[in-house]
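Reminder, nothing fancy here: chain letters follow the sequence lines and each chain counts from 1. Values reported hereafter were calculated over all heavy atoms of this structure, with side chains retained and with hydrogens, waters and symmetry mates removed.
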There are 2 protein chains.
Amino acid sequence: MMTVIAKYRNLGLKLTPQRIAILDYLDGNKRHPSAEDIYLDVSKKFPTLSLATVYTTLGALREKGKVLELTIDPDKKRYDPETGKHNHFICILCKRIIDIPATNLIDFPEAITQDYCIITSHVEYSGHCPECKNIL
Amino acid sequence: MMTVIAKYRNLGLKLTPQRIAILDYLDGNKRHPSAEDIYLDVSKKFPTLSLATVYTTLGALREKGKVLELTIDPDKKRYDPETGKHNHFICILCKRIIDIPATNLIDFPEAITQDYCIITSHVEYSGHCPECKNIL
DNA sequence: GTACGTGCAAAGGTTTTGCATTACA
DNA sequence: TGTAATGCAAAACCTTTGCACGTAC
């Protein structure tokens, strides 16, 4: 098992204890946390942590391509340490975000691919997740 | 040509002059404006308009399914009066949002459609629009 | 040693809310 | 006439920024 220190060593980022704690929290995390989710959890073990540090660390990781900033939740940004190609489902009731595997998406008319430079594509699904569906 | 008054008459919304002006601005508008865009334009002809009125009108229209709230722009919400099925492209430089026709999207593993209740799906593309691509 | 990160507080931007007044239906 | 919308101001959030201090490299 690779430690986050080894994993993020050569990015040109200083690995402070705060950052290592944030990276530990994010590593393999499938919950798509908000900045505040990260802050609340990491500050349990690191009480001096500041929310501003969480934001700047997320910004630095995003610039290095190590985290995705998701805009699927209308209320706040959510973060995803899994940067491989996949899509997302958000439950409109509990706001859980769940990974959806990406199949071969061919949904872009060829006439458009000539004029545009497409850098990312992302499918966003919304509805009721299995838990909320059962309660309804 | 149908006036917006005829178009929105039977929604149970009071058609005040402010709302009619907002509806006129939105009708057929392909620019995916923000609340402030709407406010700035409509208040030219309606100087007493309040930004709060724009927000509450957009909220009422959204509840009636007459406008979509887009979260594709990380900076603010954008609104779309075209509620038929289509997708969006956002230019990461100029923030223009452009409609992309939806093809038959079959990108959801069947195992998942059984457990989830999918209400909406939306493909979000980002990159450089034709104008910005030419400048680069 | 130096450039970069931290933490605090304050500011910025977007969106919502409370409330008295106004006006549609 | 009664219910709902308006407009103003203030508040509520989320996120960013300035700055003095501290620390990884």
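Checked for salt-bridge contact, B:Lys95 and B:Asp75 meet the test: a charged N lies under 4.0 Å from a carboxylate O. Under the 4.0 Å criterion applied to side-chain N and carboxylate O atoms, B:Lys7 and B:Asp27 are assigned as salt-bridge partners.
Phosphate proximity of D:dT15 to A:Tyr55: present, with a side-chain N or O under 4.0 Å from OP1 or OP2. Contact annotation: B:Lys76 reaches the phosphate of C:dT14 (side-chain N/O to OP1 or OP2, under 4.0 Å). Contact between the side-chain N/O atoms of A:Thr48 and the OP1/OP2 oxygens of C:dG7 is found at a separation under 4.0 Å. At the phosphate of C:dG5, neither OP1 nor OP2 sits under 4.0 Å from any side-chain N or O atom of A:Thr56. The side chain of A:Gln18 contributes no N or O atom lying less than 4.0 Å from OP1 or OP2 of D:dA24. Within the structure, every side-chain polar atom (N or O) of B:Thr16 is placed at least 4.0 Å from both OP1 and OP2 of C:dC24. Considering only side-chain N and O atoms, A:Arg19 lies nowhere under 4.0 angstrom from the phosphate OP1 or OP2 of C:dC4.
Here A:Pro74 lies out of heavy-atom contact (under 4.0 Å) with every strand.
D:dT6 atom P lies 10 Å from atom CD1 of B:Ile20, rounded to whole Å. Note: CD (B:Glu36) to P (C:dT16) measures 15 Å, nearest angstrom. Between the C1' atom of D:dT15 and the CG atom of A:Leu51 lies a distance of 8 Å, rounded to the nearest Å. Rounded to whole Å, the distance from NZ on B:Lys64 to P on D:dA4 is 11 Å. Remark: C1' of C:dC8 and OH of A:Tyr39 are 11 Å apart, rounded to the nearest angstrom. Atom CZ of A:Arg9 and atom P of D:dA24 are 14 Å apart (whole Å). Note: CZ (A:Arg78) to C1' (D:dC13) measures 16 Å, nearest angstrom. Between the CG atom of B:Asp75 and the P atom of D:dC13 there is a distance of 21 Å, given to the nearest Å.
Along DNA chain D, the nucleotide nearest to A:Leu13 and the one nearest to B:Ser50 differ in position, and the one closer to the 5' end is contacted by B:Ser50.
The main-chain N or O of B:Leu49 is never found under 3.5 Å from a side-chain atom of B:Thr53 such that the two would form a donor-acceptor pair.
Counted by atom type alone, B:Asn87 and B:His122 present zero donor-acceptor pairs between their side chains at under 3.5 Å.
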- Query: Run the side chain to side chain donor-acceptor pair (under 3.5 Å) check on A:Asp73 and A:His32 step by step: do they pass?
  - Reply: CA-CA 10 Å; A:Asp73 181 345; A:His32 310 86; over 6 Å; no

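Judged by distance alone with a 3.5 Å cut-off, a donor-acceptor contact links the side chain of B:Lys14 to the base of D:dT3.
Taking the side chain of A:Ala52 as heavy atoms from C-beta on, and the options C:dC24, C:dA9, C:dT15, the nearest nucleotide is C:dA9.
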